[in-house]
Each structure stands twice: as C-alpha cells, then as structure tokens.
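In what follows, every chain begins at residue 1, and chains take the letters A, B, ... in the order their sequences are listed. As a basis for the values below, the full set of heavy atoms in this structure was taken, side chains included, without hydrogen atoms, waters or symmetry mates.
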Amino acid sequence: MATVELTFSALPAHVRTARLVATAIARRTGVAEAILDEVRLAVGEACSRAVEAHRLHCPGEPVRIELRDDAGRFEVTVTDAAPGEDVTPQVLEADGSLMPEMDNLGIAVIAGLADDVEVLPGPKGMRIRMSWPASPHGIAAL
Amino acid sequence: MDLKLDHHSEDNLTIVDVEGEIDVYTAPRLRELLIDLVNKGNFHLLVNMEKVDFLDSTGLGVLVGGLKRVRAHDGSLELVCTQERILKIFRITGLTKVFGIYASVEEAKEAHGRDK
C-alpha cells in the first residue's frame, strides 16, 4: 500500500493543484485513462466543498487529501476540519444570496462519478472517501 | 490553464467564448460576465464551451444562474458543446433537459433564428 498525503490552504486556487496531483497519482496507480477525467472531476468537487466549508468556519485550517493505492483500488479521502453538516460549493446570486436549487450538487456529481463513495459527516468535519478500480501493479504493469 | 472569456454580438444573439477551466476559482469571473451582459440588455446568450477543458458543479451553478437571469427577461441561454467529458456532467445532473445544447455555433444560430 502506497499513500500520498497532501494538505493545502483553503483557497479556491489550490483546488486545481489538488486535481492535478490526484490525476497524476491515479495514472501512476494504474487507473484506466478512460476514467481519469472522472477522478479529476470527483476529487475537484470534494476539494471545492471542503474549501468552502473551511472558508466559512475555519479559514486558517488546511484541507487534507489522502491518495492511496490499495489492493487494486485507487482510493481518495478528502477531509475537512469544519464543523457543521451541510456545506457545498456556494453559488451566489447577484445580491449575494445562495441559489438553493444548487445545494448538494457537488456531492451528487461525486456520487455519479466515483465507483464507490462514502460520505462521513462528523462534528469536527466531513470525510469523503471515493475509489476506483486500478491495475494491481500500477503503471508498471502497462 | 486559467479561464479566458470573450464575447461578441451577432444580430440578437450574444456569443460568449469560454476557454480553459471553469471551477470554484474561475467561475466567479464567468458569473460576473454573464451578469454584466444581462445588465446591459443582452438577453439571448450562447455560451461556446468547445474550448473548455474542465467544468465542475460551481460552473454549472453559474450557468443555471445565468439562465434564470435571462429568463426573467424572456431571454435564453444556450450552449455549444460536443466534448463528452463536459457533456457527462450535464447528463449526471439532469441539466441536459434544462439547457439547449448544440454541436456548433452555426447550428445554435440557425435554431435561434427559427425561434425568433
């Protein structure tokens, strides 16, 4: 089992970096090229959600992402440290109010993309774990 | 890649060319452009997404927000997109039923002309 851990400041600009790292490691782990876009989008959604949660509740705390090569699965866990139950990337109207119909869209997208998803809310933050099939021997097997 | 935005008008239609990645970092710029266009009286928008590399739910939210805004003026917001990776997120969220999605700017312009 090989694990890469990444922590980053809760800034929207860093979400792209997290996506790129996740995609690179997914490729290295042996995730099929055809589903790398799904990995990239799902990880981006989870990180966006975490960044927004931190910006609301604990902007000084970093977001944590773990990428694991686990017995033929590529597993990603995004953990935030924000209390609260339901924070999604916010879509604001011109007057600054939330667009309620877009709530939870990020989670819905993740559920539609990841092969296996677990959303674990907790008093000290939320964990989103998702995984995809990967080559047991990673890219070296190709 | 960052986000590049450009727009021009043809007859009654304003074409917004988007290039790059639309995510939680860049989506506010697209939102500001759409709001600005509507505030200036452009109520028929065509967003050309053929050069968009990445779109997430934040970007979808901005497009839905733009659609709401133009509809308040009996306008329209339609899309040009043929990339499977981008279309997939519209399908997952059911938004293919909400937006008119065309294969080319020309096709969208023809449809818009018929609807006028």
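Hydrophobic cluster membership differs between A/L120 and A/V43, with clusters built from Ile, Leu, Val, Met, Phe, Trp and Tyr side chains linked at under 4.5 angstrom. No path of Ile, Leu, Val, Met, Phe, Trp and Tyr side chains, each step under 4.5 Å between heavy atoms, connects A/V51 with B/Y25, placing them in separate hydrophobic clusters. In the hydrophobic clustering of ILVMFWY residues, with side-chain heavy atoms under 4.5 Å counting as a link, B/V98 and B/I89 come out together. When hydrophobic clusters are built by joining Ile, Leu, Val, Met, Phe, Trp and Tyr residues whose side-chain heavy atoms come closer than 4.5 Å, directly or via intermediates, A/L11 is not grouped with A/L6. Hydrophobic clustering (side-chain heavy atoms under 4.5 Å, transitive across Ile, Leu, Val, Met, Phe, Trp, Tyr) groups B/I86 together with B/L3.
The structure places CG of B/D2 at 8.0 Å from CZ of A/R16, a figure rounded to the nearest 0.5 Å. The structure places CG of A/L105 at 6.0 Å from OG1 of B/T93, a figure rounded to the nearest 0.5 Å. Separating the CG atom in B/D23 from the OG atom in A/S48 is a distance of 6.5 Å, to the nearest 0.5 Å. Atom CD1 of A/I110 sits about 8.0 Å away from atom OG of B/S57, to the nearest 0.5 Å.
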Could you walk me through whether A/E52 and B/T58 satisfy the side-chain contact (heavy atoms from CB on, under 4.5 Å) test, starting with their C-alpha distance in whole Å, then the side-chain angles of each, then the deciding distance to 0.1 Å, before giving a yes or no?
CA-CA 11 Å; A/E52 292 300 335; B/T58 322; over 6 Å; no
Could you walk me through whether B/F54 and A/L41 pass the side-chain contact (heavy atoms from CB on, under 4.5 Å) check?
CA-CA 8 Å; B/F54 181 83; A/L41 181 52; 3.7 Å; yes
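Proximity to chain B (any heavy atom under 4.5 Å) is shown, for A/A13, by both the backbone and the side chain. Residue contact with chain B, scored on non-hydrogen atoms closer than 4.5 Å, involves the backbone and the side chain of A/V109 alike.
Of the charged side-chain nitrogens involved, none lies within less than 4.0 Å of a carboxylate oxygen, so that B/R85 and A/E38 do not count as a salt-bridged pair. A salt bridge between B/K88 and A/D37 is absent, with no side-chain N of the basic residue lying under 4.0 Å from a carboxylate O of the acidic one.
Smallest separation of non-hydrogen atoms from B/I92 and A/L113: CD1-CD2, 3.5 Å.
Taking the side-chain hydrogen bond (donor to acceptor under 3.5 Å, both in side chains) definition, one finds that A/R40 meets it with nothing, sequence neighbours left out.
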